[in-house]
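Written below as structure tokens is the structure these notes are about.
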Number of protein chains: 2
Amino acid sequence: MKIENSQPGNKIAVLADDMERHGKERDAPVREVMGLLGDRWSTLILLVLATGTWRHAELRRMLGQLSAEQAISQRVLTLKLRTLERDGFVARTASAEVPPKVSYELTPLGSELQGEARRLIDWINARASAIHHAREGFDRSED
Amino acid sequence: MKIENSQPGNKIAVLADDMERHGKERDAPVREVMGLLGDRWSTLILLVLATGTWRHAELRRMLGQLSAEQAISQRVLTLKLRTLERDGFVARTASAEVPPKVSYELTPLGSELQGEARRLIDWINARASAIHHAREGFDRSED
DNA sequence: CCGCATCCTAGGCGATACTG
DNA sequence: CAGTATCGCCTAGGATGCGG
């Protein structure tokens, strides 16, 4: 894992395994999952579902409160939940009645992912002031 | 950190600190940094820069090789590098000559972030088959 | 060699209205 | 209550050309 920085040739060799992981985006879900965490709502959904089982509408209201600036649209919540379900992070339980009763909760796999996401969030929060400071310095020398 | 799942009221109380972190997106760089890692190129740039110092063009060629499906455009590479620089993850060194010589490398903060990103990538890769399996099952019952 | 300006397209997301 | 369909906006990001 130690890396010497000299010839480009070496660098290419060193990064070969990363290419292995990143190059074949087709089969590797790395980009998709990273994209999940980076999008507007999915991480927040994971955090809320970490507290238990939620109905669709209740979850929607909760997300609106947490993010506050603006509520998630019904359509997008359904989309996000479907994506999370497809990847095995969320379990969906429905009764085909009218009105429907649908519940969502984390799977064990989703719970793991939530833990990983939370670690990243914690790291970012811990470095928030450093980042903020860097931005101020950068922006000041930009004008 | 232990969470009981019963009344919505409890859930709301439990999530109060998450609201603290997520609700005020204006000052909190959490979403922005998460977005960084989720976007098309930034994580890959961090991985490459973890190997040392790179010139713009060289870096561009390297990224093209790693991601292969399609090279990063010159414009976007400049944009991404600027964002990373603004947040204090990347240091830029330039000589105002013609032709210019510009070099990029990770800051200590950027190096940390790269480590975090790599942990996430490793986790995803470790669970890749589980995710893949979940998707297959989901897609099969969708038709 | 590097950055910027311009143009263009695909996709994420919100709003609304409608069904079972 | 949950999901779907349609619309329209806005941003990420690719292509190209110029200028220092």
Side-chain angles (χ1 to χ4, degrees), chain A residues 8 25 31-45 49 53-64 66-86 90-105 138 141-143, chain B residues 8 25 31-45 49 53-64 67-86 90-105 138 141-142:
Chain A
E25 314 264 352
R31 159 117 304 112
E32 284 84 353
V33 177
M34 299 279 289
L36 259 196
L37 297 181
D39 79 6
R40 179 78 187 75
W41 292 107
S42 300
T43 301
L44 206 45
I45 292 174
L49 288 184
T53 300
W54 290 74
R55 302 278 308 278
H56 183 105
E58 202 185 3
L59 175 57
R60 190 160 118 79
R61 255 175 267 118
M62 186 48 157
L63 290 168
L66 290 181
S67 186
E69 47 168 286
Q70 192 178 14
I72 186 174
S73 68
Q74 196 185 38
R75 188 183 76 95
V76 173
L77 178 54
T78 301
L79 280 178
K80 293 304 174 190
L81 286 169
R82 250 218 229 300
T83 306
L84 291 168
E85 187 194 357
R86 189 173 104 98
V90 162
R92 178 179 182 273
T93 314
S95 75
E97 303 295 318
V98 176
K101 308 273 184 189
V102 185
S103 297
Y104 296 92
E105 60 190 326
F138 184 88
S141 57
E142 279 295 292
D143 47 52
Chain B
E25 315 263 353
R31 157 115 308 111
E32 284 84 351
V33 177
M34 299 278 289
L36 261 194
L37 298 181
D39 78 6
R40 179 75 187 78
W41 291 107
S42 300
T43 301
L44 206 46
I45 293 175
L49 288 183
T53 300
W54 290 74
R55 302 279 309 281
H56 183 104
E58 203 185 1
L59 175 57
R60 191 160 116 81
R61 254 174 266 119
M62 187 47 157
L63 290 168
S67 186
E69 47 168 289
Q70 188 178 15
I72 187 173
S73 69
Q74 194 186 37
R75 188 182 76 94
V76 173
L77 178 55
T78 301
L79 279 179
K80 292 304 174 191
L81 287 169
R82 245 212 235 303
T83 305
L84 292 168
E85 187 195 358
R86 188 172 105 98
V90 162
R92 178 180 183 272
T93 315
S95 73
E97 304 293 319
V98 176
K101 308 273 184 190
V102 186
S103 296
Y104 297 91
E105 59 189 326
F138 184 87
S141 55
E142 278 296 292

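Residue numbers start from 1 in every chain, and the chains themselves are labelled A, B, ... in the order their sequence lines are given, proteins ahead of strands.
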- Are B/Met34 and B/Arg31 close enough, and set up right, to give a side chain to side chain contact (heavy atoms under 4.5 Å, CB included), and what steps lead you there? CA-CA 5 Å; B/Met34 299 278 289; B/Arg31 157 115 308 111; 5.7 Å; no
- Query: Contact boundaries of DNA chain C with chain B (under 4.0 Å, heavy atoms), 5' to 3'?
  - Reply: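 Terminal contacting nucleotides, 5' to 3': C/dC1 to C/dT6.
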Hey, is the main chain of [Y] close enough, under 3.5 Å, to the side chain of [X] for a donor-acceptor pair?
| X | Y | value |
| --- | --- | --- |
| A/Ser141 | A/Phe138 | yes |
| B/Thr78 | B/Gln74 | yes |
| A/Thr83 | A/Leu79 | yes |
| B/Thr43 | B/Asp39 | no |

- Residue pair B/Ser67 / B/Leu44: nearest heavy atoms and the distance that separates them: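 B/Ser67 and B/Leu44 have their closest heavy atoms at CB-CD2, 3.8 Å.
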- For the residue pair B/Arg55 and B/Pro100, what are the closest heavy atoms and their distance?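 Closest pair (atom of B/Arg55, atom of B/Pro100, distance): NH2-O, 3.6 Å.
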- Item | Listed once per pair and sorted, the salt bridge (Lys or Arg N to Asp or Glu O under 4.0 Å) pairs that draw on residues 90-102 of chain B, sequence neighbours left out |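 As it turns out, there is no salt bridge (Lys or Arg N to Asp or Glu O under 4.0 Å) pair with a partner in residues 90-102 of chain B once direct neighbours are skipped.
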Rounded to whole angstroms, how far apart are [atom1] on [X] and [atom2] on [N]?
| X | N | atom1 | atom2 | result |
| --- | --- | --- | --- | --- |
| A/Arg40 | D/dC10 | CZ | C1' | 14 Å |
| A/Met34 | D/dA12 | CE | P | 17 Å |
| B/Lys80 | D/dT11 | NZ | P | 14 Å |
| A/Asp39 | D/dA12 | CG | P | 14 Å |

- Message: Once side-chain hydrogen bond (donor to acceptor under 3.5 Å, both in side chains) is applied, do any residues pair with B/Arg60, and if so which ones, sequence neighbours excluded?
- Response: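 Checked B/Arg60 against side-chain hydrogen bond (donor to acceptor under 3.5 Å, both in side chains); zero matches.
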- Task: Please name all residues satisfying side-chain hydrogen bond (donor to acceptor under 3.5 Å, both in side chains) with A/Glu105, sequence neighbours left out, ordered by chain then number.
- Result: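 For A/Glu105, the residues satisfying side-chain hydrogen bond (donor to acceptor under 3.5 Å, both in side chains) (neighbours in sequence not counted) are A/Thr53.
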- Sugar-phosphate or base contact per nucleotide [nucleotides 2-8 of chain D; S, B, -; heavy atom under 4.0 Å]: BBBBB--
- Item | Degree of bending in the helix from C/dC1-D/dG20 to C/dG20-D/dC1 once both end axes are built from five pairs, to 10° |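 Between the first-five-pair axis and the last-five-pair axis there is 30°.
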- Evaluate the criterion side chain to side chain contact (heavy atoms under 4.5 Å, CB included) for residue pair A/Tyr104 and A/Leu49; output intermediate values, then yes/no. CA-CA 8 Å; A/Tyr104 296 92; A/Leu49 288 184; 4.3 Å; yes
- Hey, does the side chain of A/Trp54 come within less than 4.0 Å of D/dC1's phosphate (OP1/OP2), counting only N and O?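 No, because none of the side-chain N or O atoms of A/Trp54 sits under 4.0 Å from OP1 or OP2 of D/dC1.
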